[in-house]
Colleague: 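So that we are looking at the same thing, I have put the structure below in structure tokens.
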Amino acid sequence: MFKYSFQNDYSEGAHPRILEALTKTNLRQEVGYSEDEICNSARKKILAAIGNPDADVHFVSGGTQANLLVLSCFMKPWESVIAVESGHICVHETGAVEATGHKVNVVKGVDGKITPGEIQAVVDEHYFEHMVKPRAVYISQSTEIGTIYSAAELRAISALCKKLDLILYMDGARLGSALTSSRNDLDLKELCSLVDAFYIGGTKNGALIGEAIVINNPLLKPDFRYGIKQRGALLAKGRLLGIQFDELFTGTLYFDLARHANVMAERLTNGIRSLGYGFMTDSPTNQIFPIFPNAVIETLRKDYLFYDWAKMDEANTAVRLVTSWAITEQVVDEFLNDLKKIG
Ligand SMILES: Cc1ncc(COP(=O)(O)O)c(C=O)c1O
């Protein structure tokens with residue numbers, strides 16, 4: 001048996017308040033397919049938090065589902081989406097977006113983030129009907145390597161997308177972690193105003209399951225529920241998702257849980273750094289990527305679960321450690337102690 005899993009931020013079930021809310025509403029009868037009162041209450045709270053009373057909010061069960069739904073519903077068959085090579089849709093979604101018939105135009109990115117220059121270059125390279133037509137830009141906040149877009153970076157990307165008539169879509173699987181990062185300078189309201197659509201990740205931030213897709217751009221709203229249903233994602237018991245977001249957006253729970261994960265990641269980062277190890281990326285969120293000698297990794301692996309992320313050279317590998325809303329200081333300190341003993 002392992003001591004602790006740092007593999008991801010969804011190894012636990014749900015925050016007790018969410019379980020309580022599920023229990024409390026258990027015998028209440030509600031209409032199906034997310035048209036119930038609790039989903040509507042959750043929608044209202046989300047609209048207030050994002051500062052756009054006119055947005056549409058749809059609840060779905062997972063991140064891959066959100067990404068493929070949004071991108072396939074928003075684009076015509078010959079249109080494509082631009083994304084960085086480390087982006088989740090490029091590497092960890094089993095070609096789900098491509099399987100809907102859309103090419104992904106892959107660019108290198110800097111620190112896991114796409115740049116305006118890269119977007120412009122893809123558009124310039126695709127200029128007639130013998131090629132796909134770039135129509136959307138996929139970004140994630142935080143990124144796959146834990147970095148975040150600054151306000152200036154997102155404003156520049158958003159302005160370029162508007163100029164080029166590209167849909168800007170943000171994958172917010174770890175949006176809570178990005179928004180509560182000590183280095184974040186973008187509030188949810190501004191972030192929302194800069195993108196055509198995004199989703200607020202629940203699965204990785206204390207929900208049992210679920211993501212809330214937000215569509216700002218009125219042109220993209222019609223018929224989205226047809227798309228959800230056709231792809232098998234419109235849950236009869238949609239209430240299950242609504243209840244969780246209703247609770248996450250009651251008071252500051254959503255932000256408190258994400259902030260805790262970040263604070264624990266920072267404690268882990270400082271401890272690892274003080275033992276003399278370096279990092280693959282400078283992450284201010286809840287995924288960190290320390291570089292350890294392979295022998296240290298093999299010993300750590302006897303007690304801890306985590307993913308190897310990138311081979312740095314023959315003798316050293318970067319691993320990914322993810323802290324969750326439920327991790328305790330005690331776990332972090334015990335890991336650091338064990339690492340110290342191994343070193
Ligand atoms: C940025 C990002 N997007 C999407 C997903 C996919 O989520 P799911 O596993 O729920 O399909 C993940 C999961 O790790 C992710 O990190």
Side-chain angles (χ1 to χ4, degrees), residues 5-14 58-72 81-100 102 104 106 109 111-114 136-149 154 168-181 184 191 195 197-214 228 231-233 235 240-241 244-245 248 257-258 261-262 265 280-281 283-289 305-310 319-325:
S5 171
F6 286 98
Q7 274 183 337
N8 47 56
D9 32 18
Y10 44 91
S11 301
E12 294 89 3
H58 303 276
F59 301 107
V60 297
S61 60
T64 303
Q65 193 174 63
N67 290 338
L68 79 87
L69 260 170
V70 165
L71 292 168
S72 65
V81 55
I82 309 170
V84 285
E85 63 184 9
S86 58
H88 205 266
I89 60 167
C90 298
V91 286
H92 286 135
E93 296 188 4
T94 326
V97 172
E98 288 96 332
T100 66
H102 297 279
V104 181
V106 180
D111 291 335
K113 297 182 274 187
I114 202 163
V137 171
Y138 164 94
I139 57 175
S140 62
Q141 181 83 329
S142 59
T143 70
E144 226 31 42
I145 55 170
T147 52
I148 54 173
Y149 288 87
L154 194 62
L168 181 56
Y169 167 60
M170 177 180 278
D171 175 337
R174 295 193 174 86
L175 187 60
S177 179
L179 289 170
T180 55
S181 164
N184 175 51
L191 178 143
V195 299
F198 67 108
Y199 78 84
I200 302 172
T203 304
K204 297 174 174 68
N205 195 29
L208 200 52
I209 181 175
E211 328 294 331
I213 298 172
V214 177
I228 301 179
R231 297 211 178 269
L235 299 187
L240 175 70
L241 305 172
Q244 299 177 74
F245 277 93
L248 284 171
L257 297 183
N262 286 346
M280 182 186 85
T281 69
S283 163
T285 59
N286 72 327
Q287 303 181 86
I288 62 168
F289 300 84
L305 298 186
F306 50 83
Y307 288 116
D308 288 0
W309 208 255
V319 302
R320 183 180 80 156
L321 303 179
V322 189
T323 54
S324 85
W325 57 273

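In what follows, every heavy atom counts, from backbone to side chain, and hydrogens, waters and symmetry copies are set aside. Atoms within each ligand, like the ligands themselves, are counted from 1 in listed order.
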Colleague: Which one of E211, E93, H88 satisfies the side-chain hydrogen bond (donor to acceptor under 3.5 Å, both in side chains) criterion with N67?
Modeller: E93
Colleague: Provide the number and element of each atom of ligand 1 under 4.0 Å from a heavy atom of T64.
Modeller: 6 (C), 7 (O), 8 (P), 11 (O)
Colleague: Under a 4.0 angstrom heavy-atom cut-off, which atoms of ligand 1 come close to Y199?
Modeller: 3 (N), 4 (C)
Colleague: N/O of A173 under 3.5 Å from N/O of ligand 1, yes or no?
Modeller: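 Looking only at distances, the answer is no, because the N/O contact criterion of under 3.5 Å is not met.
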Colleague: Report, in ascending order of atom number, the atoms of ligand 1 lying under 4.0 Å from any heavy atom of G62.
Modeller: 10 (O)
Colleague: Would you please say whether a donor-acceptor pair under 3.5 Å links the side chains of N262 and S177?
Modeller: yes
Colleague: Looking only at non-hydrogen atoms, find the nearest pair between I148 and S142 and report the distance.
Modeller: CG2-CB, 3.9 Å
Colleague: Is the closest heavy atom of Q65 to ligand 1 under 4.0 Å?
Modeller: no
Colleague: If you measure every N or O of R174 against every N or O of ligand 1, does any of those distances drop under 3.5 Å?
Modeller: yes
Colleague: Kindly compute the distance separating NE2 (H92) from OG1 (T64), expressed to the nearest 0.5 Å.
Modeller: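 It is 10.5 Å, given to the nearest 0.5 Å.
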Colleague: Nearest to atom 12 (C) of ligand 1 by heavy atom, M170, H88, E93, E144: which?
Modeller: H88
Colleague: Any nitrogen or oxygen of D171, side chain or backbone, less than 3.5 Å from one on ligand 1?
Modeller: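 Yes: some nitrogen or oxygen of D171 is under 3.5 Å from one in ligand 1.
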Colleague: Which of the listed options, E211, H92, K204, holds the heavy atom that is closest to atom 13 (C) of ligand 1?
Modeller: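 When every heavy atom of E211, H92, K204 is considered, K204 comes closest to atom 13 (C) of ligand 1.
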Colleague: Starting from atom 10 (O) of ligand 1, what is the nearest protein heavy atom, named by residue and atom, and what distance separates them?
Modeller: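 Of the protein heavy atoms, G63 N, 2.9 Å lies nearest.
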Colleague: Can you find a side-chain donor-acceptor pair between D9 and N205 that sits under 3.5 Å?
Modeller: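 No - no donor-acceptor pair under 3.5 Å links their side chains.
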Colleague: Tell me the closest heavy-atom pair linking F289 and T281, and the distance in Å.
Modeller: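 The answer is CD1-OG1, 3.5 Å.
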Colleague: Might you point out which heavy atoms bring Y199 and G63 nearest each other, and give the distance in Å?
Modeller: OH-CA, 3.3 Å
